[in-house]
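For reference, the structure is listed below as structure tokens.
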Protein chains: 2
Amino acid sequence: MSTETELIDFFKALAEPKRLKIAGILAQRPHAVEELASLLSLSEATVSHHLSLLARAGLVRARADGHYSIYELQKDRLENMAERLLAKETLPAVAADVDMHAYDRAVLRNFSGPDGRLKALPVQRKKFEVVLRHAVTLFKPGKRYTEKEVNKLLARIHEDTASLRRGLIEIKLMQRANGEYWLAS
Amino acid sequence: MSTETELIDFFKALAEPKRLKIAGILAQRPHAVEELASLLSLSEATVSHHLSLLARAGLVRARADGHYSIYELQKDRLENMAERLLAKETLPAVAADVDMHAYDRAVLRNFSGPDGRLKALPVQRKKFEVVLRHAVTLFKPGKRYTEKEVNKLLARIHEDTASLRRGLIEIKLMQRANGEYWLAS
DNA sequence: TATATAATTAGACAAATATCTAATTAATTA
DNA sequence: TAATTAATTAGATATTTGTCTAATTATATA
């Protein structure tokens, strides 16, 4: 089971008032289904259903005793999940499958004309920076460019090469000295 | 806000796949609503709604920047909640308002006849013990009783005083020596 | 000042789910 | 072996909630 579904199952299990209360009761001592139903004013069928969700999350386990099912809280599991929440890598891992460039692509698509060049440079800073991150891929690491060469390359994106050039320097994607330009490393 | 609603809000916030993913993305760096919508293929309205639930749980906070709302994850809050899950008193506190005697009362009511005495002694061990816990309240701490006195008191509950007497000794609610009975302390 | 843009809110709708009753299963007692 | 009992499962229903579009608000640009 993936970390993501494991976390979802865990949170879902405890995100419902009656289930959280079941966990609270079981934290005191194990109980049979019948008892829980009485304590919570719910039918046994409903309690059984809640317990199955808690069990799927690994938070409770049933022990058979006669025709009773005695459920007990799995404190280990609770502790383990809490510790994983404290770990720095857990949450970012959940977003591992998100395509972090989807926004950039959407912005570029929005501003692109049929010829592949931009119809206009975005006015919004955030979107202009998307264009700059795109523009910077035209240049090769280590190579030095004259301003004329820079302009020629940037013209493939948009005719306002001066704004693009200035932007690239400003957010430090490129550097300049003595009329030469190169990629910041 | 009570601990219970605080926990429910926290779990609910993270119990939904898209919201968990938002938390995962914000764990990497802050993002605007528009960006999140792009990354998750959701409308901005939907993302806005998700963010409001995460905010209610204290997990994210918005910072205004131009007409953008830049949302950032509140790691402190996440850590604080995880630590509370690790604390032994948190879960039991959630069940503090549960009437722990509801089951006992239900069992006694079920077996009681119109005269207040039991129609029958429960056969199920678990329920028989409920009756014993009830029976033991007939006796006073410190006082010594003859078997005859014990029987007279127990008869108020059910005529099968022998079974009741034996049960009380067996689960150590009462003690016996030299034909005298008294409450276990 | 008027227009454009990002975000939020309102309202509607569809999907998920908490709950119940009834039927079934598993275990115990008569 | 038959009857009783606790639990689970199945099926139905009502509530909750995730999502969208449209309307509104707030901010920035022309």
Side-chain angles (χ1 to χ4, degrees), chain A residues 8-9 11-22 30-38 40-57 60-71 103 106-107 110-111 119-128 130 163, chain B residues 8-9 11-22 30-38 40-57 60-71 103 106-107 110-111 119-128 130 163:
Chain A
I8 292 289
D9 284 352
F11 290 127
K12 265 199 159 57
L14 298 173
E16 205 278 333
K18 292 281 167 55
R19 279 200 295 273
L20 183 60
K21 207 146 272 185
I22 289 175
H31 286 259
V33 177
E34 186 185 43
E35 290 179 295
L36 293 169
S38 227
L40 297 167
S41 308
L42 287 178
S43 75
E44 293 180 21
T46 301
V47 171
S48 207
H49 168 246
H50 284 320
L51 286 167
S52 81
L53 294 189
L54 286 163
R56 177 194 307 285
V60 305
R61 189 170 295 176
R63 160 170 62 78
D65 177 15
H67 39 211
Y68 291 96
S69 286
I70 310 291
Y71 279 85
Y103 175 72
V107 169
N110 253 327
F111 281 84
K119 289 177 294 190
L121 291 185
V123 151
Q124 267 64 39
R125 188 69 203 175
K126 192 178 277 291
K127 293 179 181 173
F128 183 55
V130 169
S163 294
Chain B
I8 291 288
D9 283 353
F11 290 127
K12 264 200 160 59
L14 297 174
E16 205 277 331
K18 291 282 167 54
R19 281 199 294 274
L20 182 61
K21 206 146 274 185
I22 288 175
H31 286 259
V33 177
E34 186 185 44
E35 292 179 293
L36 293 170
S38 229
L40 296 167
S41 308
L42 288 177
S43 76
E44 291 179 23
T46 301
V47 171
S48 207
H49 169 247
H50 283 321
L51 286 167
S52 81
L53 294 189
L54 286 163
R56 175 192 308 284
V60 306
R61 188 170 296 176
R63 160 171 63 78
D65 176 16
H67 39 211
Y68 292 97
S69 287
I70 310 291
Y71 279 85
Y103 174 71
V107 169
N110 253 326
F111 281 84
K119 288 176 296 190
L121 291 186
V123 150
Q124 267 64 39
R125 187 69 203 175
K126 191 178 277 292
K127 293 178 182 173
F128 183 54
V130 168
S163 294

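Here is how names work: the chains are called A, B, and so on, in the same order as the sequence lines, proteins then strands, and each is numbered from 1.
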Q | Residues which pass salt bridge (charged side-chain N to carboxylate O under 4.0 Å, His left out) with A:Arg61, listed by chain and number, not counting sequence neighbours | A | none
Review item, nucleotides 13-18 of chain C N/O atoms under 3.5 Å of protein N/O:
residue: C:dA18; atom: OP2; partner: A:Arg19; partner atom: NH1; Å: 2.8

Q: Round to a whole Å and report the spacing from NZ of B:Lys21 to P of D:dT19.
A: 12 Å
Q) Rounded to the nearest Å, what distance is computed from the CZ atom of residue B:Phe128 to the P atom of nucleotide C:dT28? A) 19 Å
Q. Does OP1 or OP2 of D:dT8 have a side-chain N or O of A:Tyr71 closer than 4.0 Å?
A. yes
Q: Rounded off to whole Å, could you give me the CG-to-C1' distance for the B:Leu36 and C:dA6 pair?
A: 13 Å
Q: Could you walk me through whether A:Phe111 and A:Lys127 pass side chain to side chain contact (heavy atoms under 4.5 Å, CB included), step by step?
A: CA-CA 10 Å; A:Phe111 281 84; A:Lys127 293 179 181 173; 4.3 Å; yes
Q: Report the distance from atom CZ of A:Arg63 to atom P of D:dA7, rounded to the nearest whole Å.
A: 12 Å
List the atom pairs, donor and acceptor, that lie under 3.5 Å between side-chain atoms in residues 45-53 of chain B and the rest of the protein, sequence neighbours left out.
residue: B:Thr46; atom: OG1; partner: B:Ser43; partner atom: OG; Å: 3.0
residue: B:His50; atom: ND1; partner: B:Arg19; partner atom: NH1; Å: 3.1
residue: B:Ser52; atom: OG; partner: B:His49; partner atom: O; Å: 2.8

Q | Which residues share a salt bridge (charged side-chain N to carboxylate O under 4.0 Å, His left out) with B:Lys119, sequence neighbours left out | A | none
(Q) Categorize A:Ala32 for me: base, sugar-phosphate, or nothing, with a 4.0 angstrom heavy-atom threshold over every strand shown. (A) sugar-phosphate
Q.
Between P on D:dT9 and CG on A:Leu51, what's the gap in Å once rounded to a whole number?
A. 11 Å
Q) Say you draw a straight line from NZ of B:Lys12 to NZ of A:Lys12; how long is it, rounded to the nearest 0.5 Å? A) 10.0 Å
Q) Would you say a side-chain N or O of B:Ser43 is under 4.0 Å from OP1 or OP2 of D:dC20? A) yes
Q. On DNA chain C, nearest-nucleotide positions of B:Tyr68 versus A:Leu42: which is more 5'?
A. B:Tyr68
Q. Once each nucleotide of nucleotides 24-30 of chain D is scored for protein heavy atoms under 4.0 Å, what B/S/- sequence comes out, 5' to 3'?
A. ---BSSS
Q. Just how far is it from atom CG of B:Leu40 to atom CD1 of B:Ile22, taken to the nearest 0.5 Å?
A. 5.5 Å
Q) Nearest-Å distance, CD (B:Glu44) to C1' (C:dT9)? A) 14 Å
Q.
Classify B:Lys126 by what it touches in the nucleic acid, base, sugar-phosphate, or nothing, heavy-atom distance under 4.0 Å.
A. nothing
Q: Carefully, step by step, assess A:Gln124 and B:Glu34 under the rule side chain to side chain contact (heavy atoms under 4.5 Å, CB included).
A: CA-CA 12 Å; A:Gln124 267 64 39; B:Glu34 186 185 44; over 6 Å; no
Q. Contact class for A:Ser69 vs. all strands (heavy atom < 4.0 Å): base, sugar-phosphate, or nothing?
A. sugar-phosphate
Q.
Going by side chain to side chain donor-acceptor pair (under 3.5 Å), name the residues that satisfy it together with B:Tyr68, two or more places apart in sequence or in a different chain.
A. none
Q: Would you indicate whether the side-chain heavy atoms of A:Lys126 and B:Glu35 approach each other to under 4.5 Å?
A: yes
Q) Just how far, in rounded Å, is P of C:dT5 from CD of B:Glu35? A) 17 Å
Q) What is the distance, rounded to the nearest whole Å, between atom CZ of A:Phe111 and atom C1' of C:dA4? A) 11 Å
